[in-house]
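Here's the structure, in structure tokens; my notes come after.
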Number of protein chains: 2
Amino acid sequence: MSERREGSPDLVERRPERGGLPGDRYVRIVRPYKGAFTRRGPGHLVAREEVLAPTTPLGRLVDVARRVLFGARIPTEREIHERIGIFKGLAVFASDNISSSAYATEEIMRVLVLAGVASLTLTMPITIVIVVVLAIVVASYQQTIRAYPNGGGSYIVASDNLGPAAGLTAAGALLTDYVLTVSVSIAAGVAALTSVAPELFDYRVLLGVLFVVMLCVGNLRGIRESATIFSIPTYVYLVAIYGMLAYGLFRAVTGDLPAYEAPADWHPTNAEPLALLLILRAFASGSVALTGTEAVSNGVPAFKPPEWRHAQIVLILMGACFGSIFLGMSLLAGRIGILPDPTEQQTVVSQLTALLVGAGTPYHYLVQVSTALLLVLAANTAFADFPRLSSILAKDGFMPTQFGYRGDRLAFSIGIIALSVLAAGLIVGFGGSVTNLIPLYTIGVFVAFSLSQTGMVRHWWKLRATERGWQVRAAFNGVGAIATAIVAIIVGVAKFALGAWMVLVLIPVLIAIMWGIQQHYRSVRDAMTLERPDTPLPRLSPRVIVPVSRLDRAALYALAFARAIAKDVTAVHIADTAEDADEMQRRWDRWGGGIPLAVVETPYRVLLAPLMAYIDAIDRQDPGRTVVVVLPEFVPRHFWEFFLHNQSALRLKLRLYFRRNTVVVDVPYHVDQAYETEEDPAQISSVSNR
Amino acid sequence: MSERREGSPDLVERRPERGGLPGDRYVRIVRPYKGAFTRRGPGHLVAREEVLAPTTPLGRLVDVARRVLFGARIPTEREIHERIGIFKGLAVFASDNISSSAYATEEIMRVLVLAGVASLTLTMPITIVIVVVLAIVVASYQQTIRAYPNGGGSYIVASDNLGPAAGLTAAGALLTDYVLTVSVSIAAGVAALTSVAPELFDYRVLLGVLFVVMLCVGNLRGIRESATIFSIPTYVYLVAIYGMLAYGLFRAVTGDLPAYEAPADWHPTNAEPLALLLILRAFASGSVALTGTEAVSNGVPAFKPPEWRHAQIVLILMGACFGSIFLGMSLLAGRIGILPDPTEQQTVVSQLTALLVGAGTPYHYLVQVSTALLLVLAANTAFADFPRLSSILAKDGFMPTQFGYRGDRLAFSIGIIALSVLAAGLIVGFGGSVTNLIPLYTIGVFVAFSLSQTGMVRHWWKLRATERGWQVRAAFNGVGAIATAIVAIIVGVAKFALGAWMVLVLIPVLIAIMWGIQQHYRSVRDAMTLERPDTPLPRLSPRVIVPVSRLDRAALYALAFARAIAKDVTAVHIADTAEDADEMQRRWDRWGGGIPLAVVETPYRVLLAPLMAYIDAIDRQDPGRTVVVVLPEFVPRHFWEFFLHNQSALRLKLRLYFRRNTVVVDVPYHVDQAYETEEDPAQISSVSNR
């Protein structure tokens, strides 16, 4: 321990010297803290929750509201208990991916139908190709989870193996995509709702924003609660949709499929030839289905131990569920010959269910409502991932440190709020339409996928000496990297004019910003770090300036403080007129407090500029010494009374903040502060005369 | 002079001791100021305009914009040159009153016509009664001007002679009225414009607000320029309107008056019986004509010497001009039998001019445009009076001190801005309609008139021993007081339900607020004033706490400062986890700077509350001593970089500001600040080892 001097921080051990009760250990240890701290060692205290208790009535009200909305505070040590198992893990991490099945088929059909109804026969082949890509991605990510048990998001894998440029590219792509996941999922969820409740269609933007706010609050409560909330809709959806598909397949096998009649006013919006580009666009739209695959490998540490094992199982279950639903949906829609509703008021899933079990039946409502809930909650995956990735980036210095702070409930509050604001903005900006948002989506996912898989290939190559069977693993990842790179290029080309260009512009901008932030943090750290761990303290010789507007108690208290901290004290008075200047000079002489006064007359009635000029002049006279400006500040009893007092002190502080080698001291004088008590002889004796 | 110690402020005299060139007086005197100050005596400097020069490019841009908009700065000493004579005085102070002639006749007719066209014959008698009241008021105010050559506004006269309650009542009434003067005059000016340009009628609210902004900018430029601007329209209006009236009277005498045809769709909006109340309401509406009479006596000091003489002449000229125009207007309107336009699109003056000289002729435009300009500029009277009255109230402690500060151009900037905001708000709130605003107007004026004249009676009574002919003077003022009191009661009763109640509620509220503000200032002054002019400085014994988040250069600089100002220094580190706590403890020991460290662990990741609790604990241990919190602050190179650093220091400062006996010291460390230079041996030698 360092040398102990007067003013040692370890209050506990010091107590007896100052008249405590020797022998009465209990009193000696606890008294000074009054329940505020627990003592862990010499000079090491642990704050108790009591110190957080608000002291004002308004503060208590805010605190109660926070606890109701977000729940009780969670100490950092309890973090381990927040982990989840396979059952909840599937709900939390797979809901994003599985929920894509609610719109993936439809988005393929919407593109194909542009070339006429006949081209819809291509829906099923395209679905099969996408499911094959999904299988490749799942297999590829099995390797990642095993290799990165602490969370192998694309950012980590890419920067670990391919360097920071690749990592930042993946990060920029993913951040963009997480925001879009929230917007698209919620817009699709609202679409599922308005399919059975068309009267809500006009409010779809408002509904979307409301769902974002709900998710934001839910996530600020922390992980565990959200897992519980999210389990139910996922499993209800799975049961409802499998039931519907099974019934439909049974009727297909028995040749009993219902007949579909296109709406009377239906006609293709824009008859295009069935060119290769159109097929590629359909494929690109459908590959939205693969978004969310990343979530599991990203969140490995959130699982109960053994984390990697649970994560792998969840990933396989997810792929199986999604693939089977997607295939079933495309098959049935194709066999019945459903056409996508051009007004976006009826989803394909809703039409399919209505045809099979009857429109407006309870089962139709069950499918639609559970779809809506699942989609809205699927956005939750992004609410888990965006803040987590942001916090990792913040730790690496690529994002502002605030993204790395955890709130009362261990959640990364700033990341959650930033995501909510951005996603709600997109929903408003694109009028809540899924089809308008889709072109922006998916490109980021596939860029990140491809970088991550390429990184994994490099990873196995580096471990080739120690890891047996590295060639097989590298091959899996290599196939994944190539497949996802191809998809990324297809999506970029096919959707470029429709909106993908925005993302292709945004990602480099994000990379540049993150790079700039890191440069800033690095330059600051370099400038601030001590050259040696035992750098001696510099010796400062401060000279003190006390701006005085009136010779009152506040001024005297500030002057007293100034004299207590330094020998070299000067008071400055800024006078509006020559008479004012003379009057102040006279009063000062009559006061005779032994501190020199400079009076500066300001013919233009401006306060700050002459004061700053005076400080500059003082400084030029004897440069290098620290200038200390001691400000007498008057503290009124009530907050509103501030407006009755001149706020020039605030402006002065702002100006001085940017002045080099300048220290600002606020000496607040409370209006009802006792003045005479400080002349208490007992205290005077304890003060060295400076 | 007080004892001179090290650090004397009189840089000039100190220079030679520190190695200046003896004998070279020029260098010795000027060098340290570099053109920033002129020396007026020992310890008395005068700042030059150069110190106001902005130093940043943005600052220079703002400065140029200010100079273009508001003109060059004016030093306080040049104030005397801003005075005005009779010619400009009539334009500045009488424009409000004279401009009332543009709507006074019309507002009488609008009320009378409610009882049918026949009752319009009462217009002329009511006009004559009002002109008589005007004559009484003018005669009465002649006394006031003579007795109060330094400005005898109602507030000053009433509080001088009847006590502060009467003074505040007059002040509240006048402030309300000045705001209404601006709103009504500008609304009427816009109405004059839209009479000849009906396509602007839909934009009347916007036009009104634009005119308010123009006046605001004009007045921020200061008095002289406004007098020049305002002279032209006043005299153009007088020439144009007298020309029109003379022509009309000539045609009336020769029996050649044009015939008037009521519009085809015209019918009385609401046929009421011609009861006494209606006649009183007509009188109340017309007595709006007396507003603005107060202006001259209020502004006596703005005239060139002999101020009172010039003011008296201006007041008489004003009464003569207004009375003759008002009588002529009512006479001609009655003889021709004009009806007021119920849609408010054509003013009576416009109809009259159109009938006499032809609608759309250049002379019609001349009358309307000069009326509009005069009305808009008449609002300028309130722009002179409201800020002046506010500044007097501020000096007496009834309004926030900010209202007493003069800007670059000697104008009371805050008062001008406050008036503009309130008046623009009223124009928007009442849809720009003169007739809607009129009922709120005038009551305040007459309350103030009556209080002021009563005060004058009291004034002469007090001077009865020395002042010859005091009885005559008191009689004049007594008649004025009674006449205006009767008008005030008539206006209050007749217009109560139409809006006067708002003013009758507002005035007491204003009085209560002003009273409360004065109580606050008084209690603060009482609490702050020294009991003896030579009260000794209290002796303080500060103990210093330095919150340290990392052991870096910023922290070391703050610790160095702390050690330079006190012996009793403790560093505190708030740690998120136990590991963090141990790590900090280890680094601290390795650093070995001789300052004790307390580590406080915060399991809920909250920073401020444990720190505050620690300070409280320190304080309880040894109460009464000043706690000094020294904050290491990091200053980045660019402003935007602030957002990349945690703002908790700001929140801590806010919390500590309200803590008693606590001083906050900001030690800013600039990112590119040289660190090692402070170990310069020359400087170390100059520092006492504390």
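What you see below is based on every heavy atom in this structure, not just the backbone, and it leaves out hydrogens, waters and symmetry mates. Every chain is numbered from 1, with letters handed out A, B, ... down the list of sequences. Since this is a predicted model, take the numbers as computed values, not measurements.
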Quick check on [X] against chain A: is it the side chain, the backbone, both or neither that has a heavy atom closer than 4.5 Å?
X: R659(B); result: backbone
X: V544(B); result: neither
X: L551(B); result: both

- [ ] Verify the distance criterion only: is there a donor paired with an acceptor across the side chains of Y405(A) and D576(B) at less than 3.5 Å?
- [x] no

TODO: I would like to know whether T577(B) and E601(B) meet side chain to side chain contact (heavy atoms under 4.5 Å, CB included); could you show each step before the answer?
DONE: CA-CA 6 Å; T577(B) 59; E601(B) 211 184 302; 5.7 Å; no

Out of [options], which one racks up the most heavy-atom pairs below 4.5 Å with chain B?
options: D666(A), L608(A), D526(A); result: D666(A)
options: D552(A), V572(A), T529(A), D582(A); result: D552(A)
options: V663(A), L559(A), V665(A), V667(A); result: V663(A)

Task: Proximal component of I574(A), with respect to chain B [non-hydrogen, under 4.5 Å] - done: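 Neither part.
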
- [ ] Below 4.5 Å from any heavy atom of chain B, which atoms of V630(A) appear? Answer side chain, backbone, both or neither.
- [x]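 Neither part.
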
Task: Min side-chain heavy-atom separation R525(A)-H520(A) under 4.5 Å - done: no

Open item on the list: How long is the straight-line distance from CG of L656(A) back to OG1 of T662(A), given to the nearest 0.5 Å?
Closed with: 6.5 Å

Task: Interatomic spacing from CG in L597(A) to CH2 in W588(A) - rounded to 0.5 Å - done: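 Between L597(A) CG and W588(A) CH2, I get 5.0 Å after rounding to 0.5 Å.
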
Open item on the list: Between A555(B), A558(B), A560(B), A575(B), who has the most heavy-atom pairs with chain A when the cutoff is under 4.5 Å?
Closed with: A560(B)

Open item on the list: Please give me the minimum heavy-atom distance between L530(B) and R553(A), naming the atom from each residue.
Closed with: CD2-N, 3.7 Å

Task: Verdict with supporting geometry, N661(A) and Y557(B), side-chain hydrogen bond (donor to acceptor under 3.5 Å, both in side chains) - done: CA-CA 10 Å; N661(A) 231 344; Y557(B) 188 59; 2.7 Å; yes

